[in-house]
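Following: one structure in structure tokens, then a few remarks.
Throughout, a chain's letter reflects where its sequence line sits, starting with A, and its residues are numbered from 1.
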2 protein chains.
Amino acid sequence: MDTVTVLKAIADETRLRILALLYTAGDLCACEIEAVLRLTQSNASRHLSRLRAAGLLSDDRRGHWVHFQIAPTAFGRYPFVASAIDAARRDLPLVSADLDRLERYRSSAYTCETIREWASA
Amino acid sequence: MDTVTVLKAIADETRLRILALLYTAGDLCACEIEAVLRLTQSNASRHLSRLRAAGLLSDDRRGHWVHFQIAPTAFGRYPFVASAIDAARRDLPLVSADLDRLERYRSSAYTCETIREWASA
DNA sequence: CAATTATATGATTACATGAGCATATACTCA
DNA sequence: TGAGTATATGCTCATGTAATCATATAATTG
């Protein structure tokens with residue numbers, strides 16, 4: 001992927017939030033990302049596949065669930081992505097709120113399979 | 001300027017070319033940028049003002065000519081910009097061609113005031 | 001002041017993008 | 001195999017963006 005394409009992929013608030021979330025969380029399934037960031041299902045899915053198409057995310061299906069993580073090659077190939085995530089963590093207010101919700105979710109007893117109840121609570 | 005706005009400002013091939021050019025050249029007037037990158041006058045002007053609005057360029061009018069450079073604060077505030085310029089220099093073919101033309105212009109006797117003749121040659 | 005040249009901007013057109021809704025597909029389990 | 005759930009995708013609408021042409025503004029020089 002060329003530099004411009006990758007830059008366009010990360011030049012979006014929602015996609016930066018996804019990257020910042022995965023940067024902290026390491027690995028999450030689509031429904032967890034959707035719930036923590038409070039996105040609609042189709043919206044989350046579209047942004048995830050755009051990031052994957054740009055080579056920034058890798059995915060891994062486990063039964064119903066598709067788990068995403070930042071592609072192992074992403075930072076090596078596109079160093080500015082790491083740097084942009086860093087900036088987003090510092091100055092995007094939504095990112096802080098997202099990471100708080102991640103923390104709350106993780107310290108609860110909810111999982112992938114019960115996350116819909118968590119989200120509506 | 002927030003991270004997303006700055007990322008959108010650099011997520012464009014023409015604007016990356018301008019940044020890469022100024023990164024090497026240091027300081028150029030609008031008509032030089034226009035000629036080296038082979039852009040139309042209005043197109044160059046619009047991209048330049050978008051980069052300036054994002055805080056990435058500073059300008060300095062000297063008589064007829066407005067000189068642009070990368071804003072001294074740009075890399076400190078937005079480290080990913082330096083990193084993206086670096087990537088663009090490595091893999092955007094147009095950037096290499098631009099830098100070649102810069103070199104040819106600089107080693108010629110043409111200046112700001114005669115650049116139109118240079119451009120049409 | 002008038003003519004000239006550099007730069008900026010309004011108006012338009014073509015195209016890309018993001019969101020939402022509805023629906024399709026992929027997978028599991030009874 | 002059929003029901004149910006997770007994810008993907010077609011369609012549409014509203015908005016944003018980049019390019020071009022024409023014109024305006026700013027500065028210099030005669």
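Where B:Asn43 and A:Arg46 meet DNA chain C, the nucleotide closest to each residue was compared, and B:Asn43 sits on the side nearer the 5' end.
Scanning atom types as modelled, no donor and acceptor separated by under 3.5 angstrom connect the side chain of A:Gln41 and the base of D:dA6.
Residues A:Val66 and A:Asp60 have side chains not in contact (no heavy-atom distance under 4.5 Å, counting atoms from C-beta outward).
Between B:Thr40 and the phosphate of D:dT20, there is a side-chain N or O to OP1/OP2 separation shorter than 4.0 Å.
The CG-C1' distance, from B:Asp12 to D:dT17, rounds to 9 Å in whole Å. The nearest whole Å value for the distance from the CZ atom in A:Phe68 to the C1' atom in D:dT7 is 8 Å. Computed from coordinates, the A:Arg116 CZ to D:dG4 C1' distance equals 12 Å when rounded to whole Å. A:Leu28 places its CG atom 15 Å from the P atom of D:dA6, with the value rounded to the nearest Å. In this structure, A:Trp65 places its CH2 atom 14 Å from P of D:dA8, rounding to the nearest Å.
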What nitrogen or oxygen pairs link the protein and nucleotides 27-30 of chain D at under 3.5 Å?
unit_1, atom_1, unit_2, atom_2, d
D:dT28, O4', B:His64, NE2, 3.1

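B:Arg90 and A:Thr3 share no donor-acceptor pair across their side chains, judged by distance under 3.5 Å alone. Neither side chain, B:Asp86 nor B:Ser83, offers a donor N or O lying under 3.5 Å from an acceptor on the other.
Reading DNA chain C from its 5' end, the first and the last nucleotide to sit under 4.0 Å from a heavy atom of chain B are C:dT5 to C:dA11.
Side chain of B:Thr14, nearest nucleotide from D:dA19, D:dT20, D:dT7: D:dA19.
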